[in-house]
Amino acid sequence: MTVSDAPRGLVVLRKGRTRPLAMHHPWVFSNTVAAVEGAPEAGDLVRVQDHLGRFMGWGYFSPKSKIPVKVVSWDEAETIDGDFWRARLSQAVAYRTDFLGMGDPSAAVRLVNAEGDRIPGLIVDRYGAFLVVEFLTAGLAARSEMLVDILRELTSPAGVFERPEPDISRHEGIRRSQATLWGEEPPEHIEISEGRAKFLIDLRGGQKTGFYLDQHENRMRVGELGRGRRVLDAFCYTGGFAVHAALAGAMSVTAIDSSAESLQLAQRNAELNRVAIDFARGNAFERLRMLRLEGQTFDMVILDPPKLARSRAGVRKALRAYKDANLSALKLLDASGILVSCCCSGLVSAEQFLRAVKDAAVDAGRSLRVVERRGTSRDHPFDPACPETDYLQCLICQVTG
Ligand code: SAH
């Protein structure tokens, strides 16, 4: 497929529906579009304008999507070409390496966080010498070769692997498959370091691009707090929080997940770090209740469930599930115990989540002090103009009574 840098059409917005875009929110929703002119195809650069023909922004066209354009520039004079993307990608990489100091070649880091780096449609994670890329819009998928070339120039990886997200690809109407786009084929497992912990990452079969990089700094912080404590890591995936807590000197670590593959890798991660963790497979919501019935207690419980609210309609049900998990966790905690409660449902507000935790505490007959309110690791920045991409909450609370 040949792609052009030249604009190939116009997307005209409905009268009165231009305000979010004028405020630099990059998403053009299909119900705000009055007309598409010039017959652009998927992936073409289009000019977005208001009903009077005034320029609003440049973006790529995704006709099948509920968000048919994601705007990448609000400057009419800008040319959206290879140099444009080289500048955006250099900025994103420099932020991680120069500003955050996340340049350790054995570590894992998110190098490009889509809207958070003004590159809607692109995720790039670096796991040691390998890059994993996800193209989330037709426009960037069509320019994958150019983007990979620029990433190679900027980061000199051993290989670049593509890991498409099937749901998003379907909604965007893009057809991609897992493939090595350049260089060496990544090994079955890549070993990365995170602080003093080491983890094996499965780029092909693991969740997300292989690891929950968004929790990187929370794992480091929460791990430290585990020192001397009996720790329970529910929803442990490949053992992230559990390994950190064990390395920091937890008295004991128990970890639960429903996924057998994740637990297999978690067990290997425990061995790699030479720590003892007691893993159990099961539904954490039920297991937490069972542990309580067995009379077990802990000094720290970590809850990092998957995204429980996937749509606005699902928020109420999700809040009940968050409350339920937090209630069970609180019942397991001894005096002065620590509850680490995470929520990665972007649709659940900070206020709603705090209320769910508070309601759980009231029902459990406990009082809490909120010690820290945390979010994603700093390599997952968000743009305040697009607050939907600020999705992760991590509350660290201590039982006070
Ligand atoms: N804390 C982890 C990431 C957790 S992601 C880390 O730092 O790496 C959420 C995890 O919850 C996934 O591993 C998923 O397999 C698991 N999961 C989903 N539903 C579950 C359930 N009902 N009970 C237990 N685990 C569940």
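Both ligands and their constituent atoms are indexed starting at 1 by order of listing.
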Any nitrogen or oxygen of [X] lying under 3.5 Å from a nitrogen or oxygen in ligand 1? Just yes or no.
X    : value
R219 : yes
N283 : yes
D304 : yes
D257 : yes

Task: Residue pair D214 / S377, side-chain donor-acceptor N/O under 3.5 Å - done: no
- Message: Do E76 and W58 pair up side chain to side chain, a donor and an acceptor below 3.5 Å, judged on atom types alone?
- Response: no
Closest heavy-atom approach to atom 23 (N) of ligand 1 among A255, A266, A284, C344 is made by A284
Quiz item: Among G206, A234, A325, G282, whose heavy atom sits nearest atom 24 (C) of ligand 1?
Solution: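 Closest candidate by heavy-atom distance is G282.
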Short N-O contact, [X] and [Y], less than 4.0 angstrom:
X    : Y    : answer
E372 : R221 : yes
D44  : R8   : yes
D50  : K15  : no

Sort out for me which residue in E185, E261, E188 forms a salt bridge (Lys or Arg N to Asp or Glu O under 4.0 Å) with R204.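 Of the listed options, the one satisfying the test is E185.
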Give the numbers and elements of all ligand 1 atoms closer than 4.0 Å to a heavy atom of [X].
X    : value
S259 : 15 (O)
P306 : 9 (C), 11 (O), 18 (C), 19 (N)
Y237 : 2 (C), 3 (C), 4 (C), 8 (O), 13 (O)
F241 : 1 (N), 7 (O)

closest protein heavy atom to atom 12 (C) of ligand 1 is Q207 OE1, 3.3 Å
Of all protein heavy atoms, the one nearest atom 20 (C) of ligand 1 is S258 OG, 3.3 Å
inquiry  = Tell me which pairs pass side-chain hydrogen bond (donor to acceptor under 3.5 Å, both in side chains) where either residue lies in residues 119-137, with sequence neighbours left out.
reply    =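 Qualifying pairs, neighbours excluded: R110-D125, D125-T209, Y127-T209.
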### Non-neighbouring partners of Y237 that pass ring pair (Phe, Tyr, Trp, His ring centres under 6.0 Å), sequence neighbours left out
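So Y237 forms a ring pair (Phe, Tyr, Trp, His ring centres under 6.0 Å) with Y212.
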